[in-house]
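Report on the structure given below.
Note that the structure is predicted; figures quoted are calculated from it, not measured. All values below come from the heavy atoms of this structure, side chains included, with hydrogens, waters and symmetry mates left out.
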Amino acid sequence: MFCVQGFIVTDRFRELERPQTGRLKDVVLMATVSGFESLRIPRKSDMKQFAELFEPLFLGSSSEARRQAAAALSQCPHVPEPVAALIGSMPISIAAIFLTRSQALSDRTLIGIIRQQTAAHASAIARRAALSPSVIDALVEHHNPAGLSARPDVRQRPVTEPPAPAKPDADAEAARNAREETLRAEIKALARAGAHEAAAAASTIIPITATLSALLVRFARSGEIILFSRALATALDAGGPLVERILLDVSGQQLATSLIALSMPTDDLIFVLQSLYPHLAECIGGASGAEALTGAMDPTSSRERLDAWLQSEARDGAPAARHQTYLADDHANDARQPAIRKVAKTAGGAKSQRVFGRG
């Protein structure tokens, strides 16, 4: 039995394959991924259970949920090899971010994907920040599938032609090696350019999906701030420090700005704010504090502010790409730690304790 943040999954998880439970399966998939991410060093049994649960949920979920799961796992350092291979073999619209960013992909899996999938998959792999010589060789091979058919030393010769002397063969081999070295250099340059492009695109704001919106509502309702912060980080495509700063603003203004910029449905937005910051549920002149706060905000200016935060995070080199799990060694800036909870309680008063639990 494997417990996933409110869902106890047994052999009966196949019930989720029923058509009417499609939305539920999307939510369970993301909750399963979030639960696995929270494990600092998964045991072999955890990896095995996750792989067994992930495949049917992933294959039965919507394309939108698959993309979100692939994006979340692309930051996780421990991913079972069958799961990594499954995500990498998906259509490029789903697999691209995982192939480009995931550090859990072994060379063997990458080489298999290069040889078995499309040119777009190989292009995504070429944009990885670091490539081993064996993967570069596979990319070179994929770039020139004809192999050595164009080599001068293996062109078809007349039967009466005498064997070529050793020196021309050596020259041809040297020319071939030079061409392959040139290709390797081009691929490395492409990988470096892709890394810069990915950093530049990090500030692009994409409207929140229905699945992530449902997860934020669910985690806010249950007071699961750890999972809420993970879901918010996925929606923003941001690192932990920025998400922590947003949530530690006990006025709720920064979270409201972020969710408005993400175009979150108004009802969901109000519910989340009132759940995490109870003082915003109090009525002021016939409207709750959350309604008054969000009513005074402009979507355009909210997007500009969020975009500025994201650009600042990327420019300052914030550890957005470094996946920090629940029990990471560096707890200094972790909103889930007791010391931070104490600071937030002092800053926001007793009514703001729900930000960090059910308090």
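- The backbone N or O of Ser102 lies less than 3.5 Å from a partner atom in the side chain of Arg128, making a donor-acceptor pair.
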Using the side chain to side chain contact (heavy atoms under 4.5 Å, CB included) rule, take Phe50 and Leu39 through it: C-alpha gap first, then chi angles, then the decisive distance, then the call.
CA-CA 11 Å; Phe50 177 68; Leu39 302 176; over 6 Å; no
Just do the side chain to side chain contact (heavy atoms under 4.5 Å, CB included) check on Leu259 and Thr294 with the steps written out, would you?
CA-CA 10 Å; Leu259 297 181; Thr294 57; over 6 Å; no
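- The distance from the OG atom of Ser251 to the OH atom of Tyr277 is 7.5 Å, given to the nearest 0.5 Å.
- Although no hydrogens or angles enter the test, the distance criterion places no donor-acceptor pair under 3.5 Å between the side chain of Ser123 and the main chain of Ala119.
- Nearest heavy-atom pair, Ser213 versus Asp268, reported as atom, atom and distance to 0.1 Å: OG-OD2, 2.9 Å.
- Under a 3.5 Å cut-off, the side chain of Asp26 and the backbone N or O of Thr211 do not form any donor-acceptor pair.
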Might you work through the side chain to side chain contact (heavy atoms under 4.5 Å, CB included) test for Leu53 and Phe58, ending with a clear yes or no?
CA-CA 9 Å; Leu53 292 173; Phe58 185 73; over 6 Å; no
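- The shortest side-chain heavy-atom distance between Ile111 and Arg108 does not fall under the 4.5 Å cut-off.
- Nearest heavy atom pair, residue Ala256 against residue Leu293, reads CB-CD2, 4.0 Å.
- A donor-acceptor contact shorter than 3.5 Å is absent between the side chain of Ser34 and the backbone of Ala31.
- The main-chain N or O of Glu304 is never found under 3.5 Å from a side-chain atom of Asp307 such that the two would form a donor-acceptor pair.
- Side-chain contact between Leu255 and Leu273 is present, with at least one heavy-atom pair separated by less than 4.5 Å.
- Using a 4.5 Å cut-off on side-chain heavy atoms (C-beta onward), Glu224 and Arg218 make no contact.
- In this structure the side chain of Phe36 reaches within 4.5 angstrom of the side chain of Met47, judged on heavy atoms.
- The side-chain heavy atoms of Pro82 and Glu55, taken from C-beta on, include no pair separated by under 4.5 Å.
- When atom types are taken as modelled, the side chain of Thr32 and the backbone of Val28 share a donor-acceptor pair closer than 3.5 angstrom.
- In this structure, CD on Glu37 lies 7.5 Å from CE on Met30, to the nearest 0.5 angstrom.
- With hydrogens and angles ignored, the 3.5 Å screen pairs no side-chain donor or acceptor of Thr100 with any backbone N or O of Ile97.
- Looking at heavy atoms from C-beta onward, Leu59 lies in side-chain contact with Met90 at the 4.5 angstrom threshold.
- Remark: side-chain polar atoms of His121 are not paired, donor with acceptor, to backbone N or O of Arg115 under 3.5 angstrom.
- Ile41 CD1 to Asp46 CG: the interatomic distance, rounded to the nearest 0.5 Å, is 11.5 Å.
- Note that the CD atom of Gln311 and the CG atom of Leu306 stand 10.0 Å from one another [nearest 0.5 Å].
- Taken together through direct or relayed side-chain contacts under 4.5 Å among Ile, Leu, Val, Met, Phe, Trp and Tyr, Leu247 and Ile270 form parts of separate hydrophobic clusters.
- The heavy-atom pair separating Ala138 from Ile114 by the smallest distance is O-CG2, 3.7 Å.
- Using modelled atom types, one side-chain atom of Gln103 and one backbone atom of Arg101 make a donor-acceptor pair closer than 3.5 Å.
- Separating the OG atom in Ser61 from the CZ atom in Phe54 is a distance of 8.5 Å, to the nearest 0.5 Å.
- In this structure the side chain of Val272 reaches within 4.5 angstrom of the side chain of Met264, judged on heavy atoms.
- For the atom pair CG of Leu227 and CG of Leu216, the computed distance is 11.0 Å after rounding to the nearest 0.5 Å.
- Tested against Glu64 for a side chain to side chain contact (heavy atoms under 4.5 Å, CB included), the candidates Thr209, Ile94, Leu212 yield a single pass: Thr209.
- Between Ser134 and Asp107 the shortest heavy-atom distance is OG-OD2, 3.5 Å.
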Please evaluate residues Ile206 and Asp237 with respect to the criterion side chain to side chain contact (heavy atoms under 4.5 Å, CB included), reporting the C-alpha separation (whole Å), side-chain torsions for both, the decisive distance (0.1 Å), and the verdict.
CA-CA 9 Å; Ile206 300 175; Asp237 193 16; over 6 Å; no
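- Taking both residues in full, the closest heavy atoms of Val33 and Ala69 are given as CG2-CB, 4.1 Å, listed atom of the first, atom of the second, then distance.
- Nearest heavy-atom pair across Ile260 and Ser302 is CG2-OG, 3.7 Å.
- Between the side chains of Gln116 and Ser89, no donor-acceptor pair of N or O atoms lies under 3.5 Å.
- Under the 4.5 Å side-chain criterion, counting only non-hydrogen atoms from C-beta, Leu236 is not in contact with Trp309.
- Side chains of Arg305 and Ser301: a donor-acceptor N/O pair is absent below 3.5 angstrom, by distance only.
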